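What follows is a set of notes on a single structure, which appears directly below.
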Amino acid sequence: MIVIIDFGSQYNQLIARSVRECHVYCQILSPDTDIDYVRSLKPEGIILSGGPASIYEKQSPVIDKTIFDLGIPVLGICYGMQFMVYSLGGTVKKAKKREYGFAELKIKIQTDLFNNVDKITKCWMSHGDSILNLPAGFKITASTENTEIAAIVNNNLYGVQFHPEVQHTQQGKIILQNFLFDICGCRRLWTMKSFARDSILQIKETIKSEKVILGLSGGVDSCVTALLIHKAIGKNLTCIFVDNGLLRKNEADKLKKNLKQHLKINIRFINAKTRFLKALADITDPEKKRKIIGRIFVDVFESEARKIKDVDYLAQGTLYPDVIESISAFGGPSSIIKSHHNVGGLPKKMKLKLVEPLKYLFKDEVRLLGKELGLHEEFIWRQPFPGPGLAIRIIGEVTGRRLLILREIDAILLEEIKNNGYYKKLWQSFAVLLPVKSVGIMGDKRTYENIAAIRAVTSKDAMTADWARLPHKLLGDISNRIINEVKGVNRVVYDISSKPPSTIEWE
Ligand code: XMP
């Protein structure tokens, strides 16, 4: 395995992903981590990430510098390299010129890090500080026009000022692979098969004969969590599916049928539609909506859980990006933008121990794991759907009538997206009902009706997203069908904003 020390770079997940894609397991740790803990993990190598701070400033993140004495190869990237230099006695200063973007890297000394890399290659730079003097024993191995010290080495300590993890660095993948295989001696052992086998064993050992409950939404994360735990402890797992009345057209019934048919697991189906809709009456503020839905969900879940006696554990489908966000040296941005609701609010109240078997996986790895465990395609490829459901896609008050309209719009959109082969290609595609009306003309008559917005985005992990360049013909067909088939809508608009600065959901 490889340990990645997170100094707060926006590219950290990319480092982790690149390592995992090489079938090598890695974990991201905070700089506060105790060195004994790092040692206990027995990593083959350590990567020090980049970060926005300046090492010579007071509160810049640092890890115990004995990390360089462990005898384990270290690769410092950008700030990580500057930290290495600074802690071993070199100097780092503000650069005369900030360097951001492409640069031509010239390799001066061939080391294992540059095996099979061209002598001149394009790399991606993003730094405001530069190294002035190297500590004793270090040599410069590559330079760019602006940055003489662009790569360094001293025995098994390597540093690069550029970012090998971003795709703009032409041969970045080769450089990372050289570090993993030629320098650290890693082997390609990390597969979903091995992960499934190890996790099932681990869950069995931890939970023994105790009881576990899980909030099942029908999304890929909760389904895979359920399957994994079920394989480990069988009937001692009970899943709870709450119909909050905020699901898409026929979704609750379809899910119920599919879950029963494909997941041969103990599931309780709870109809709490009225409770949710009553509590949402007159509420327009997005945060209030989210909090109300979260609270009722907890109440419903809790009262169901109480009926199952002697529950010890709560299982959650938490994924690695959430974990990374919470340990990041600078804290993650999205946690403070919206109060995301899943069952995260439960443990404190319910005093249950947590099982989160997916907490080291990325979404695409969860999908592969689902496949490995035999999960039906229908669940594996479901696009993410937020816990608060359609309530945060109806801007303004959530009413029965507006839910009906949005369900119809959404059903048409999804049908067209699926029929045209875009469903799997998009991270998400959905409709939003706006609280404004516009004038139109239909059959020679003036109309004054609702506006629907279509949102379709591509993304790897929802941290960033881009609006999907759907073909104009498809957009035209979707718009025509919605306006013709859904009573109460006379205009359709397409959302062309990326995240950031927008978010994926509108509320
Ligand atoms: P935003 O809108 O923050 O969404 O860009 C990022 C991803 O998270 C989903 N999302 C949620 N998922 N509970 C969830 O389980 C929530 O409250 C929630 N809010 C947003 C969203 O659909 C997107 O995939």
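Not measured: the values here are computed from a predicted model.
Side chains of Lys108 and Ser143: a donor-acceptor N/O pair is present below 3.5 angstrom, by distance only. Looking only at atom types and distance, the side chain of Thr121 has a donor-acceptor partner in the side chain of Gln171 under 3.5 Å away. Side chains of Ser498 and Asp466: a donor on one and an acceptor on the other come within 3.5 Å. Under the 3.5 Å distance criterion, with hydrogens and angles disregarded, no donor-acceptor pair is assigned to the side chains of Thr144 and Asn146.
Distance CD1/Ile380 to NZ/Lys424: 8.5 Å, rounded to 0.5 Å. Here Leu361 contributes atom CG and Arg367 contributes atom CZ; the two are 13.0 Å apart, rounded to the nearest 0.5 Å. To the nearest 0.5 Å, atom CG of residue Leu358 and atom CG of residue Leu228 are 6.5 Å apart. To the nearest 0.5 angstrom, Lys288 atom NZ is 14.0 Å from Ile293 atom CD1. Note that CG of Leu180 and OG of Ser18 are 9.0 Å apart. Values are rounded to the nearest 0.5 Å. Atom-to-atom distance recorded for Asn258:CG and Glu378:CD is 4.5 Å, nearest 0.5 angstrom.
The backbone N or O of His163 lies less than 3.5 Å from a partner atom in the side chain of Thr169, making a donor-acceptor pair. Looking only at distances, a side-chain donor or acceptor of Ser60 sits under 3.5 Å from a matching main-chain atom of Ile55. Formation of a donor-acceptor pair under 3.5 Å by the Arg455 side chain with backbone atoms of Glu505 is not found in this model. The backbone N or O of Pro384 sits less than 3.5 Å from a side-chain atom of Gln428, completing a donor-acceptor pair. Side-chain atoms of Tyr320 never come within 3.5 Å of backbone atoms of Gln13 as a donor-acceptor pair (strictly under, hydrogens ignored). The main-chain N or O of Asn115 is found under 3.5 Å from a side-chain atom of Asn178 such that the two form a donor-acceptor pair. The backbone N or O of Lys122 lies less than 3.5 Å from no partner atom in the side chain of Glu104, so there is not a single donor-acceptor pair. Under the 3.5 Å distance criterion, the side-chain polar atoms of Ser54 are left unmatched by any main-chain donor or acceptor of Glu57. The closest donor-acceptor contact from the side chain of Arg382 to the backbone of Gly218 lies under 3.5 Å. Checking side-chain atoms of Tyr423 against main-chain N and O of Gln383 turns up a donor-acceptor pair under 3.5 Å.
Environment of NZ in Lys211: crowded, with over 12 heavy atoms of neighbouring residues, nucleotides or ligands closer than 6.0 Å. Other residues, nucleotides and ligands place no more than 12 heavy atoms under 6.0 Å from the NZ atom of Lys94. Annotation for Glu145: atom CD does not count as buried by contact number, only 12 or fewer foreign heavy atoms lying within 6.0 Å. Heavy atoms of other residues, nucleotides or ligands lying less than 6.0 angstrom from CD of Glu210 number more than 12.
Using a cutoff of 4.0 Å between basic side-chain nitrogens and carboxylate oxygens, Asp36 and Arg39 are scored as salt-bridged. Residues Glu372 and Lys231 are not paired through a salt bridge, judged by the lack of any N-O separation under 4.0 Å between the basic side chain and the carboxylate.
Val85 has its side chain out of reach of Phe138: every pair of non-hydrogen atoms, C-beta onward, lies at least 4.5 Å apart. Contact of the Ser30 side chain with the Asp6 side chain is not registered, since no non-hydrogen atoms from C-beta on lie closer than 4.5 Å. Between Phe301 and Ile270, every side-chain heavy-atom pair lies at or beyond the 4.5 Å cut-off. Looking at heavy atoms from C-beta onward, Leu70 lies in side-chain contact with Ile46 at the 4.5 angstrom threshold. Between Phe269 and Leu255 the shortest side-chain heavy-atom distance does not fall below 4.5 Å. Taking 4.5 Å as the limit, every side-chain heavy atom of Tyr313 sits out of range of all side-chain heavy atoms of Leu237. At a threshold of 4.5 Å between non-hydrogen side-chain atoms, the residues Leu352 and Ile213 count as touching. For the pair Val38 and Leu29, the minimum side-chain heavy-atom distance is below 4.5 Å.
Below 30°, between 30° and 60°, or above 60°: for Phe83 and Phe7 the angle between ring planes is between 30° and 60°, a tilted geometry. Between His168 and Trp124, the two ring planes are tilted [angle within 30° to 60°]. By the 30° and 60° cut-offs, the orientation of the rings of Tyr25 relative to Trp190 is tilted.
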Side chain to side chain contact (heavy atoms under 4.5 Å, CB included) between Met192 and Lys371, intermediate numbers included: CA-CA 9 Å; Met192 281 306 123; Lys371 222 170 173 181; over 6 Å; no
Give the intermediate values and the outcome of side chain to side chain donor-acceptor pair (under 3.5 Å) for residues Ser9 and Ser49. CA-CA 6 Å; Ser9 162; Ser49 87; 5.3 Å; no
Asn133/Thr91 under side chain to side chain donor-acceptor pair (under 3.5 Å): CA gap, chis, key distance, verdict: CA-CA 5 Å; Asn133 295 307; Thr91 12; 2.9 Å; yes
Walk me through whether Leu75 and Val160 qualify under side chain to side chain contact (heavy atoms under 4.5 Å, CB included). CA-CA 8 Å; Leu75 171 64; Val160 289; 4.3 Å; yes
Would you please test Thr206 and Val355 for side chain to side chain contact (heavy atoms under 4.5 Å, CB included) and show each step? CA-CA 9 Å; Thr206 320; Val355 223; 5.9 Å; no
Assess whether side chain to side chain contact (heavy atoms under 4.5 Å, CB included) is satisfied between Val220 and Lys363, documenting all intermediate values. CA-CA 9 Å; Val220 61; Lys363 191 81 162 191; 3.9 Å; yes
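Across all non-hydrogen atoms, the minimal contact from Arg187 to Val24 is O-CG2, 3.9 Å. The minimum heavy-atom distance between Val92 and Tyr86, with the atom names listed, is CG2-CB, 4.3 Å. Between Leu216 and Ser222, the shortest heavy-atom distance links the atoms CD1-O, 3.6 Å.
Because its NZ or CZ atom is not both nearer than 6.0 Å to the ring centre of Phe362 and within 45° of the ring axis, Arg20 does not count as a cation-pi partner of that residue.
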